[in-house]
Every structure is written in C-alpha cells, then in structure tokens.
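These notes concern the structure reproduced below.
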Amino acid sequence: MYKKILFFLLISQAALAQSSLPLIPKPIEAHLQNGNFLLDGNTFISAGKDSFEARFLKDYVAGQYGIELRTLTTKPSTDQRVIYFSIVPSDTSNEQEGKYRLEVQKTRIDIISSSATGIWYGVQTLVQLLPVEKSASLPIKCIRVSDAPLFKWRGMHLDVCRHFFSVDFVKKYIDYLAMYKMNTFHWHLTDDQGWRIEIKKYPKLTEIGAWRNGTMVGHYNDQKYDSIRYGGFYTQEQIKEVVAYAKERHIAIIPEIEMPGHAQAALAAYPELSCTGGPFEVARRWGVLDDVFCPKEATIAFLEDVLSEVMPLFPSEYIHIGGDECPKARWEKCPHCQAMIAELGLKDEHGLQSYFITRIEKFVNSKGRKIIGWDEILEGGLAPNAAVMSWRGTEGGIAAAKQQHHVVMSPGSHCYFDQYQADSSTQPLAIGGMITTEKVYSFHPVPEGLSASEAKYIMGAQANVWTEYIASEDHVEYMVFPRIAALSEVLWGTAKSEEYSDFYQRLMKHLKLLDNLGVNYCREILKH
Ligand code: ACM
Ligand code: ZN
C-alpha cells in the first residue's frame, strides 16, 4: 500500500515537473533531476566536425545571449563543462526517425541519437530549456529527456500567391517550423493571382504571370479593388537557397504547382493552354475561377516541362499537384475536352480530371517521385499511387486511407490558420470562421472509424496559411502564432485535449521566448 502511494507520488511529481517546463511540443518523457548545468563562456561543445546542429546551437547562444561556446578539440579536463553530441547506431532496425535522448547533468550535457535529425530535435529541446532572462551565465535544470515524434508529416503550408513573401521571410518561417520540430513545409507556388517560381523554358510565366494589375480591398463580399500593380517571384537560384536552408534544418519542402484549376496566372501568360484561348489577366479577385487548364496533350506537355524544372529543385518524396476547386464549366463546352471524354471512353468531366491527374502522376512517378493532391483528386477515381491532402473535412482522408492511399490531414475545422482565432470584432479582417488555439490542440489527425491497418496511412497533418487577407509578414506571424505551438504538439503525439490547461501553462512561459525572438503572436491568448 505504502509503496503504491509512493509510486503515484513519484509519477505525479514527474508530471508536475514536465508542466513547469516550457517545452513545446511536450516530450514523450522528461524527468527533472537535482541541480543545474551552467552554460557560459567556459562551456565547450563537442560534435562532429561539420555538425550543422552544433553551429546552430553556437549561433543561437551567441545571438540570444552573447555567449560564445568553445569547440572542444582535446580530451576535456575533469572540471570542464561540455555539451556532447553523439550519433550512435540504433539498437533496433526500425527506429523512429528523429528519436533522441537529452541528458543535462551538472558538468555535461549529452544529446544522443542515431541520426542528425534526432540531434537536431535534441538541440531544439535544449534551446527551450535555456532561461529566457538574458545573462552571461545560464543555469539549465538537470533533466533526462527521451523523445521521438509520432507522425511522419508534421507540416505547415504557406500561400505566396495571393500575397508574396520575401526569401528572408520564408527562411524565418522555416526557422519557426524548426523550433517546433516540424519537418515539412508546403510551399504553395502557383495560383490564379500569381505564378511565383521561375521556369526557364516558359519565361512568360513570371514575366506576365507573376504580376497582377490590382488586388481586392476589404472582404470579398465588398467587391472592391485597388489598381496597384502587385507581384514577385522566386528565381531558381533563390529556390535552391531556400531548399538548402530548410534541409539543414531537417525540413523537406513540398512544392505545389496547381493544376488543372487555379491556373489563371499561367493562362494569362499562355492562353493557348485554356479551353477558350483567352485572353486572360492575372486574377485580381479571390475565389474559384472558371478558366482552368484544358487537359489536352499540349497542356500535359507544358506541365511535364514545368515539373521537369521543378523536381530537380525540390528533392522531396512528394510533389503537390493541387487538384482542388476545378470547375468543369469550360470543359463541358470545349470541343477538345468533349472529344477526349468520348475517345477515352470516360464517364464525364470528373473522369477527365481523374485521367489528367493520372497522366501527371505517371510522369512524376517515372522520375522517382510521388504526387500528393487536395482531396478532390478522389473524384472520378484516385490515381494509383497518389497521396491525398484532406481539407474539406476528414472524409476525403478517410476514404483514401480505406483505399490504402497515404493521407495528410488538413481539415478546415482545425487546420486553417487563415480563419479567425478569436472573436472577429477583436481581430484584423480574415476570411471567416474561427479556430482557436484550444480547438487546434483538440485535433486528432487519425479519425475514429479507421482500423489499425488503415490508420497507418495517415502520415500526419499540417495547417494551411492562405493569404488572401494576409498581406504582410507580421500578419502571417500573427495568424500562425500561437496556433502553430498547439499543432506541433498534436503532431509530436503528446497533445491530450483534456490536458489543455497543462499546455496553456507551458505556452504562457513559452511566450517569453517568442518575445525574445520578436515574434508577432496574437495576444488574445493572454485573456483566457
Ligand atoms: C483549398 O483550401 N482550396 C485546398
Ligand atoms: Zn478544354
């Protein structure tokens, strides 16, 4: 009896200790110990020669605290304080990607993993354990952490078409993902209102397609426009730089090239790829537009050329081909489209969309890559190897998983960070809806009703940041923070909606770190 009580006392103390630490996402296991490690100008770091993770930690500590960590080159003397990074072979053949241990003792810190990715996550945990008060000597509580992520796709999306964001800001966005141990950045590069990636074979995509002659002002319902020329794009050199930057931070970038819908910027440049021949302008209004790619051979050849330039830039497993919101109005009246439906023996325009996506899939697969598309790609039949990003609820994801296709969950109910996060009367204009941080925290990427073997197809989830109503970098931060913190814990696998108050306590401490970093987070969270 006494032993049992002692046992529960110990467990609850460990839990208490966890919630008093400002760690987000919460580690699987963390046990506070007695004492502190003192990090100061006499602290050494010992890592592999070219360890980016070590360089990152050094730069972070120098940048935030003005402390220069020293590199350990010889065997340490007994009174030296050292941070060791050790990559050791795993003891199992199917170890989770990113598993690590972090041990802070009085005279040494160890970060141990079988991979550089695990070391990276250990570093991110260590960074969050540093005191937020700046000083030349930083006490770090002794602790043992044993940790690994649950989901393999831990993502954030950013729409750079409706509004354009600089390379520097995209890097900052990647830094934010990294801080929360996320590993996937979905870069939405093409849409009706702007084509944002240089394609050398088709220069008009950016000469014409990257610029619009005005933008909606206020809400869509107001139907008001300015007449200011707006645009921008990334050169292939800039894309390479961003992809390399993300890779160092253990983040894969998934490019999205929208097809067959959301194509008006491309059609403004190359109207012959449409059903009617145009002419078109790069869209100034938001929404779903009727002029889409005509899925004829010339269009497929064009898109294969585009993808042939895109794929070498992005070494990701998946290429996102859009697939959402493609009205069939033009296809219904187009002689090319109708002839294709007849010749190929397709049922209707949905069959044509499915045929088109399958053609693109074959091409992408022939280059050793896989496609992922929004859940409309289920309509008319899923391409054989396609993964589905479920945005219109989770139903599309459930249907895909039941057909043994991989899924990323991103439902509008929990994962649309373009929606309000607090009462709209207190907030800058947004598209509508409301997803609070608590709502994000309650999200379960694996829906009920899937068997264990079907559930394995859910790779994870991501939040989407559509930027119709988000024109500045500060405003992106505002919409993303603090909801990204809640999402990161959902994806790491340690969020329990009934323990939101524990998360909230940690978040309140974590906000001080965001203050130090100058993040423009939404302060409504402080009122709860
Ligand atoms: C989407 O929000 N149209 C994928
Ligand atoms: Zn057509």
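For ligands, and for the atoms within them, numbers begin at 1 and follow the listed sequence. As a basis for the values below, the full set of heavy atoms in this structure was taken, side chains included, without hydrogen atoms, waters or symmetry mates. The model shown is predicted, which means the values in this text are computed figures rather than measured ones.
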Is it possible for you to check whether Arg523 lies under 6.0 Å from the centre of the six-membered ring of Tyr521, through NZ or CZ, and within 45° of that ring's axis?
yes
For a side-chain hydrogen bond (donor to acceptor under 3.5 Å, both in side chains) check, start with the C-alpha distance between Glu325 and Trp391, then their side-chain angles and the critical distance, and finish with the verdict.
CA-CA 11 Å; Glu325 298 180 321; Trp391 72 281; over 6 Å; no
Between Lys172 and Glu477, is the salt bridge (Lys or Arg N to Asp or Glu O under 4.0 Å) condition met? List the steps.
CA-CA 10 Å; Lys172 204 180 204 189; Glu477 291 188 1; 3.5 Å; yes
Leaving waters out, which protein N, O or S atoms fall under 2.8 Å from the Zn ion (ligand 2)?
Cys275 SG, Cys294 SG, Cys334 SG, Cys337 SG
Taking any residue with a non-hydrogen atom under 4.0 angstrom from an atom of ligand 1, which ones do you get?
Asp324, Glu325, Trp374, Trp391, Tyr416, Trp466
Where does the angle between the aromatic ring planes of His157 and Trp374 fall among parallel (under 30°), tilted (30 to 60°) and perpendicular (over 60°)?
perpendicular
Which label fits Phe293 and Phe302: parallel for a plane angle under 30°, tilted from 30 to 60°, or perpendicular past 60°?
tilted
Would Arg249 pass as a cation-pi partner of Tyr245, given that its NZ or CZ must be under 6.0 Å from the six-membered ring centre and within 45 degrees of the axis?
yes
Shortest non-hydrogen contact from Asn365 to Arg369?
ND2-O, 2.8 Å
Parallel, tilted or perpendicular: rings of His219 and Tyr469 (30°, 60°):
parallel
Does any part of the side chain of Ser472, heavy atoms only, come nearer than 4.5 Å to the side chain of Tyr478, both counted from C-beta?
no
